[in-house]
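In what follows, every heavy atom counts, from backbone to side chain, and hydrogens, waters and symmetry copies are set aside.
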Amino acid sequence: QVQLVESGGGLVQAGGSLRLSCAASGRTFSSYHMGWFRQAPGKEREFAAAISRSGGITYYADSVKGRFTASRDNAKNMVYLQMNSLKPEDTAVYYCAAQTALETFGSFVVRLTSRYDYWGQGTQVTVSS
């Protein structure tokens, strides 16, 4: 069983930066692919970024590519999302998620919420204009 706890959200001005953190429980964190998703009010939860078990491969939604960077520190059971050049449309609740089952880390499957087994509680990010 995996528990995920997020932090780092808050209010920031457009053009600013935030770094989200997700702390994971479990002895086998390094075996999990991790994803970041976001959900704006009235909208479906959407994919933002994903990072492979070792951190060597990342995928990003087109809307955040070039601005967001996912990283992880397996020794600390932590995954991060560095968000730069933030825009008002980035305003959403951000969730980290873990894929615990063995599965190919591909550009399509990482975007599917159904492929993730555990989810954090979410952290609010608000970007003012």
[X] side chain to [Y] main-chain N or O, any donor-acceptor pair under 3.5 Å?
{"X": "Thr91", "Y": "Val127", "answer": "yes"}
{"X": "Tyr60", "Y": "Ala70", "answer": "yes"}
{"X": "His33", "Y": "Arg53", "answer": "yes"}
{"X": "Ser25", "Y": "Gln3", "answer": "yes"}

Quiz item: For Tyr80, what residues pass the ring-ring contact (aromatic ring centres under 6.0 Å, His included) criterion, not counting sequence neighbours?
Solution: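 ring-ring contact (aromatic ring centres under 6.0 Å, His included) check on Tyr80 returns nothing, list empty.
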
Quiz prompt | Non-neighbouring partners of Phe68 that pass ring-ring contact (aromatic ring centres under 6.0 Å, His included), sequence neighbours left out | solution =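 Result, ring-ring contact (aromatic ring centres under 6.0 Å, His included) vs Phe68: none returned.
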
Closest approach of [X] to [Y] (non-hydrogen atoms, all atoms of both residues):
{"X": "Val110", "Y": "Ala50", "answer": "CB-CB, 3.8 Å"}
{"X": "Tyr118", "Y": "Val2", "answer": "CD2-O, 3.3 Å"}
{"X": "Ala92", "Y": "Ala40", "answer": "CB-N, 3.8 Å"}

Practice problem: Hey, could you give me each pair passing salt bridge (charged side-chain N to carboxylate O under 4.0 Å, His left out) that has a residue in residues 54-75? Not counting sequence neighbours. | Solution: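 Of all non-adjacent pairs touching residues 54-75, those that pass salt bridge (charged side-chain N to carboxylate O under 4.0 Å, His left out) are Asp62-Lys65, Arg67-Asp90.
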
Quiz prompt | salt bridge (charged side-chain N to carboxylate O under 4.0 Å, His left out) partners of residues 17-37, not counting sequence neighbours, each pair once | solution =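 Pairs touching residues 17-37 that pass the test: none.
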
So [Y] and [X], do their side chains get closer than 4.5 Å, heavy atoms only?
{"X": "Arg45", "Y": "Trp119", "value": "yes"}
{"X": "Gln99", "Y": "Val109", "value": "no"}
{"X": "Met34", "Y": "Phe29", "value": "yes"}
{"X": "Met78", "Y": "Ser21", "value": "yes"}

Could you pull out every donor-acceptor pair under 3.5 Å between side chains of residues 4-16 and any protein atom, sequence neighbours left out?
from, atom 1, to, atom 2, distance (Å)
Glu6, OE1, Gly122, N, 2.6
Glu6, OE2, Tyr95, N, 3.4
Glu6, OE2, Cys96, N, 2.5

Do the side chains of [X] and [Y] join up, straight or via other hydrophobic residues, at under 4.5 Å, putting them in one cluster?
{"X": "Ile51", "Y": "Tyr59", "answer": "no"}
{"X": "Val79", "Y": "Tyr32", "answer": "yes"}
{"X": "Phe47", "Y": "Ile57", "answer": "yes"}

Self-check item: Between CD on residue Gln82 and CG on residue Leu18, distance to nearest 0.5 Å
Solution: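 Taking CD in Gln82 and CG in Leu18, the distance rounds to 8.5 Å.
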
Quiz item: Does anything in residues 107-117 pair up under side-chain hydrogen bond (donor to acceptor under 3.5 Å, both in side chains), and if so which pairs, sequence neighbours excluded?
Solution: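 Output for this query lists Thr100-Asp117, Glu103-Arg115.
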
